[in-house]
Number of protein chains: 2
Amino acid sequence: MVYTSDYPIFSVTVDVVCLTVRDDRFQVLLIRRGGSPHKGKLALPGGFVHENEDLEAAARRELAEETSVRAPRYIEQLATYGAPRRDPRGRTVSVAYLAAAPDLGEATGGSDAADASWHDVGEVLARPKTLAFDHAQILADAVERARAKLEYFPLAAEFCPPEFTIAELRHIYELVWGTNLDPANFHRKVRSAKGFLDSADGTTARGGGRPARLFRKGPARELHPPLMRDRESR
Amino acid sequence: MVYTSDYPIFSVTVDVVCLTVRDDRFQVLLIRRGGSPHKGKLALPGGFVHENEDLEAAARRELAEETSVRAPRYIEQLATYGAPRRDPRGRTVSVAYLAAAPDLGEATGGSDAADASWHDVGEVLARPKTLAFDHAQILADAVERARAKLEYFPLAAEFCPPEFTIAELRHIYELVWGTNLDPANFHRKVRSAKGFLDSADGTTARGGGRPARLFRKGPARELHPPLMRDRESR
DNA sequence: GCAAAAGTGTTATACGTACACCCATGA
DNA sequence: TCATGGGTGTACGTATAACACTTTTGC
């Protein structure tokens, strides 16, 4: 590996924006930094990529090591952040991942005793200075990606338990988009999007009223027709 | 910069998928590799990121150095490729960019005498082994991104000269998507998408028939309503 | 005039929205 | 039987697709 010394040396890290819907709130998993720089600040879970380790594998490993989230249902590459001074310790390029998980209950730190916990996305975005490095920008990009992807990709089901009702799915959309949706029309839309939902047997009555049918995530990789956000209100 | 030696050392490169529509064909800008590895194979223009250089700046610089394309109209980050063995020389992570340019005529090599030329996208995708490294995968991802982005983002105008007719714009869609579109309905759709097109004065008659009005790219950052591909035919 | 391409009109159908209404349960 | 939420029906307005038709040029 002679040639690497002929070129600038980089460290490569991964950071994971792990989103969930918990307790009627759209939340993100953050750790409290124990070391310098930005000691004591909140940050996205993440860390250095190992030699011979794939980028996505590194993202999953770091998430598991630093938090109690062992296997998010969904993870995708978001973008790469490499501004020259983004890390005061040296030239570091970070590959950010977006993960979505169902409600996993209270978070605990991982094996390296990091302090991990869920935070309301809206509150963190409103106070970007509370996050270390450029993590507020990464979080903002991730949230926008998630909001957009709900429209044309069956991402909402990744926030739900394995079996869920259409009302629970609608709740995901409402919380992530910050809007209210007509239950009747939402019902028809998701059921007409081929492959979005598979019927599961049985019903459930969480919270009174007529029991709702249960569904599982279907095989579709995109939603036709898409469920569009209102553009008027933006 | 003591700490970088505590962690695996990476090289970081950028690769640029520069797409255009030229001579009634959807094409990509490739260089012929002059050195090892993959000597003589075709590859995406790209190279190592310099110290203190932003990633997008590096992409623009490498494109300009290796080809005659000095300033693509549009460039965006596509994705990052970092499989452990993607470069036999050592651990390298490549941040890929997607660029779109209007017809720039024949390509010539850049200052470092690389051999740059335009190639039909379909032909290159059909022979993925002709490309070095994992560049066939990067190209495939870029083409899919471009096709998808035509639907909801005013990307097609980036492939046109500063002033263009609606038929020329439609031709971009037809070549990139590989479909035929109804000229009448396309006309109304793009004109009704607020901010997609600004009227320019004057008309042109390239190729007989009634002269067409000229337009410039408008300020819109997204298309409402989107122009959707046919999902039936896929 | 004729061919060719630009651009407009027209109509049937599909789709989205709003909201009324019925259904199935627990209390 | 009432409250609650699940789920369906329906009507109306808007968007889309197909294609006929008019406009404006070159030859």
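Not measured: the values here are computed from a predicted model. Throughout, protein chains are lettered first and strands after them, A, B, ... in sequence-line order, and every chain is numbered starting at 1.
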- Query: Is a side-chain donor or acceptor of A:E174 paired with a backbone partner of A:L181 at a separation under 3.5 angstrom?
  - Reply: yes
- Query: Does the C:dG9 base have a donor-acceptor partner in the side chain of B:R188 within less than 3.5 Å?
  - Reply: yes
- B:V121 and side-chain contact (heavy atoms from CB on, under 4.5 Å): which partner among B:V28, B:V17, B:V21? B:V28
- Query: Quick one: A:L181 CG to D:dG7 C1', roughly how many Å, whole number?
  - Reply: 16 Å
- Enumerate the residue pairs fulfilling side chain to side chain donor-acceptor pair (under 3.5 Å) with a member in residues 155-167 of chain A, sequence neighbours excluded, ordered by first and then second residue. A:E163-A:R216
- Spacing of B:M228 atom CE relative to C:dC15 atom C1', expressed in whole Å: 13 Å
- Task: For B:L223 and D:dA15, give me the distance from atom CG to atom P, rounded to whole Å.
- Result: 15 Å
- What's the CZ-C1' distance between B:R191 and C:dG9, to the nearest Å? 16 Å
- Item | A:N185 side-chain proximity, nearest of C:dC19, D:dG6, C:dT25 | C:dC19
- Query: Over how many whole Å does the gap from A:D182 atom CG to D:dG9 atom P extend?
  - Reply: 15 Å
- Would you mind telling me which of C:dA18, D:dG7, D:dT8 lies closest to the side-chain atoms of A:A184? D:dT8
- Task: Check the distance between C:dT8's C1' and B:I166's CD1 and give it to me in whole angstrom.
- Result: 12 Å
- Message: Both B:A167 and A:P226 contact DNA chain C. Taking the nearest nucleotide for each, which residue is further toward the 5' end?
- Response: B:A167
- What is the nucleic acid contact for A:R170, judged by heavy atoms within less than 4.0 Å: base, sugar-phosphate only, or nothing? sugar-phosphate
- Query: So, is A:H187 near the phosphate of D:dT8, with a side-chain N or O under 4.0 Å from OP1 or OP2?
  - Reply: yes
- May I ask you to verify whether the side chain of B:R210 and the base of C:dA6 hold a donor-acceptor pair under 3.5 Å? yes
- Return the orientation label for the A:Y173 and A:W177 ring planes: parallel under 30°, perpendicular over 60°, tilted otherwise. perpendicular
- B:K189 charged N/C atom sitting above B:F186 aromatic ring, 6.0 Å / 45°: no
- Message: At 4.0 Å (heavy atoms only), tell me whether B:P225 reaches a base, stays on the sugar-phosphate, or touches nothing.
- Response: sugar-phosphate
- Rounded to whole Å, CD of B:E168 lies from P of C:dG7 at a distance of 11 Å
- Query: Can you tell me how far P of C:dC15 sits from NE2 of A:H224, to the nearest Å?
  - Reply: 13 Å
- Message: For C:dC15 and A:K189 - does any side-chain N or O of the residue sit under 4.0 Å from the phosphate oxygens OP1/OP2?
- Response: no
